[in-house]
Amino acid sequence: MAESLGEKLRQAREARDITISEVAEQTRISALYLEAIEKDDYRTLPGGIFNKGFVKSFAKYVGVEEDEALQDYARIVASQETDQPEQETRSYRPEVLTDDSRSGSMLPTIIFAVLILGLISWGVLALVKYIQSQQSSVTGTDSIAESNTKPEETPSADANSNAANSNTAEPLPSTESIKLKLSTSADELAITSMVDGKRETVLLTGDIKEREFDAEESVKISYYKGSAEFVNLELNGKKIATPMPPENYRKNGFEYEINMSNLKQILQEGKIVFADPSASPAPSAENANTAPSGDNANVGNAQ
């Protein structure tokens with residue numbers, strides 16, 4: 001009796017020491033279909049052109065002549081038509097091209113991909129929150145620094161101007177004499193004063209933090225310029241802005257004078273205005289008690 005197509009294919013496969021699984025993997029045909037072909041049972045196959053394609057691929061891989069295999073298949077189909085007509089229109093399922101053992105392999109891949117996407121999303125959100133917290137921290141630090149600024153300690157030109165404008169509406173104290181009260185917030189302050197031509201040096205320290213100077217004509221005050229920001233002045237009962245050395249002031253000793261010529265202007269403006277040292281020469285020691293004249297008649301003199 002002649003060998004059937006299935007027996008030829010099986011013997012060729014075994015002669016080459018090839019397993020059904022290997023054929024299924026290389027031809028992308030289900031192992032169940034390959035086993036059915038070896039048994040000459042084509043009822044479980046899709047039918048029609050698909051069966052011919054399976055037979056041709058199987059024969060080619062195991063070394064059987066393709067045309068011969070197709071002829072054998074045609075004879076088998078013809079002999080089986082009387083028993084069970086072949087359904088040419090049977091639907092073809094994609095799984096016939098793959099090994100059944102691989103059908104569940106996509107689930108772990110999908111789960112892994114979802115986990116990776118979740119980790120990436122979490123990382124992006126964490127980075128955004130970190131950047132926002134850093135920006136908020138910087139903004140908060142700037143706000144705290146601005147709120148801790150004390151313009152009273154280092155008055156600006158605008159602050160002095162506002163003080164002067166607010167003081168102009170107040171009635172002026174008496175200008176019959178000069179009553180200057182000087183106080184300090186420094187640990188100690190050495191002051192050299194000249195009141196109506198009388199020179200005196202005092203040291204404000206410890207519990208004694210202020211000193212009053214009464215004069216009929218003039219009061220000249222001198223102290224270290226680095227301590228200027230710690231000094232407060234009250235003139236004839238009215239508080240005036242703390243005098244600060246001009247930018248081009250070069251001496252270590254900061255000196256200014258209040259006299260009967262500039263007293264009223266100082267009380268009106270609430271500050272001591274210094275003349276430009278480059279506009280006119282500074283007064284000499286011989287005429288230190290003489291009130292300035294001309295354009296500088298109403299301003300303090302920075303030495």
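These figures come from a predicted structure and were not determined experimentally. Atom set for the values below is all heavy atoms of this structure, side chains included, hydrogens, waters and symmetry mates excluded.
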In terms of heavy-atom contacts, L267 and P173 come closest through CD1-CD, 4.2 Å
Check: Is it true that a side-chain atom of S57 and a backbone atom of F54 form a donor plus acceptor pair closer than 3.5 Å?
Finding: no
Checklist entry - Could you go step by step and tell me if L45 and F50 meet the side chain to side chain contact (heavy atoms under 4.5 Å, CB included) rule? => result CA-CA 8 Å; L45 271 67; F50 298 110; over 6 Å; no
Is the NZ atom of K56 crowded by more than 12 outside heavy atoms at less than 6.0 Å?
no
Whether the side chain of N262 engages the backbone of E257 through a donor-acceptor N/O pair (distance < 3.5 Å, no angle test) should be reported. yes
Inspect the surroundings of NZ in K209 and state if more than 12 heavy atoms from other residues, nucleotides or ligands are less than 6.0 Å away. yes
What I'd like to find out is whether the side chain of L34 reaches to under 4.5 Å of the side chain of L9, using heavy atoms alone. no
**OP:** Give a yes or no on whether a salt bridge exists between K8 and E68, defined as a side-chain N under 4.0 angstrom from a carboxylate O.
**Re:** yes
Exercise. Within the side chain of D196, is there an N or O that forms a donor-acceptor pair under 3.5 Å with the backbone of V219?
Worked result: no
*asked:* Between Y223 and E255, do the side chains contain a donor N or O and an acceptor N or O under 3.5 Å apart?
replied: no
(message) Grouping I, L, V, M, F, W and Y whenever their side-chain heavy atoms are under 4.5 Å apart, do L119 and L127 come out in a common cluster?
(response) no
Practice prompt. Examine Y42 together with Y73 and report whether their ring centres are nearer than 6.0 Å.
Written response: yes
task: May I ask whether Y256 and Y224 are part of the same hydrophobic cluster, defined by side-chain heavy atoms of I, L, V, M, F, W, Y residues being less than 4.5 angstrom apart, directly or through others?
output: no
Closest non-hydrogen atoms of A24 and A31, given as atom of the first, atom of the second and distance, are CB-N, 4.0 Å
Note, E65 side chain near D67 side chain (heavy atom, < 4.5 Å): yes
For D214, the side chain to side chain donor-acceptor pair (under 3.5 Å) test, sequence neighbours excluded, returns none
Between P243 and L233, the two heavy atoms sitting closest are CD-CD1, 3.5 Å
Q | R10/E14 salt bridge by N-O under 4.0 Å criterion | A | yes
Worked verdict on T19 versus E22 for side chain to side chain contact (heavy atoms under 4.5 Å, CB included)
CA-CA 5 Å; T19 64; E22 182 179 347; 3.5 Å; yes
Would a 4.5 Å heavy-atom cut-off, applied to side chains only, mark K271 and I240 as touching?
no
Separation between OG1 (T242) and CD (E229), nearest 0.5 Å, reads 9.5 Å
- Query: Under 4.5 Å between any side-chain heavy atoms of F254 and S227, yes or no?
  - Reply: no
Contacts under 3.5 angstrom, residues 176-195 side chains, donor-acceptor by atom type, not counting sequence neighbours:
| residue | atom | partner | partner atom | Å |
| --- | --- | --- | --- | --- |
| T184 | OG1 | A186 | N | 3.0 |
| T184 | OG1 | F230 | O | 3.2 |
| S193 | OG | E200 | O | 3.4 |

To the nearest 0.5 Å, atom CD1 of I20 lies from atom CD of E38 at 4.0 Å
- Item | N/O donor-acceptor pair under 3.5 Å between R13 side chain and V62 backbone | no
OG (S4) and CD1 (I76) are apart, to the nearest 0.5 Å, by 6.0 Å
Taking the basic N atoms (NZ, or NE/NH1/NH2) and the acidic carboxylate oxygens, is any pair closer than 4.0 Å for D41 and R43? yes
### Query
Mind checking whether N252 and K225 have side chains closer than 4.5 Å, heavy atoms only?
yes
Distance col, row I266:CD1 vs K238:NZ, nearest 0.5 angstrom, shows 11.0 Å
Between the CD1 atom in I208 and the CG atom in L203, the distance rounded to the nearest 0.5 Å is 9.0 Å
Rounding to 0.5 Å, atoms CD1 (I258) and CD (E217) come to a distance of 14.0 Å
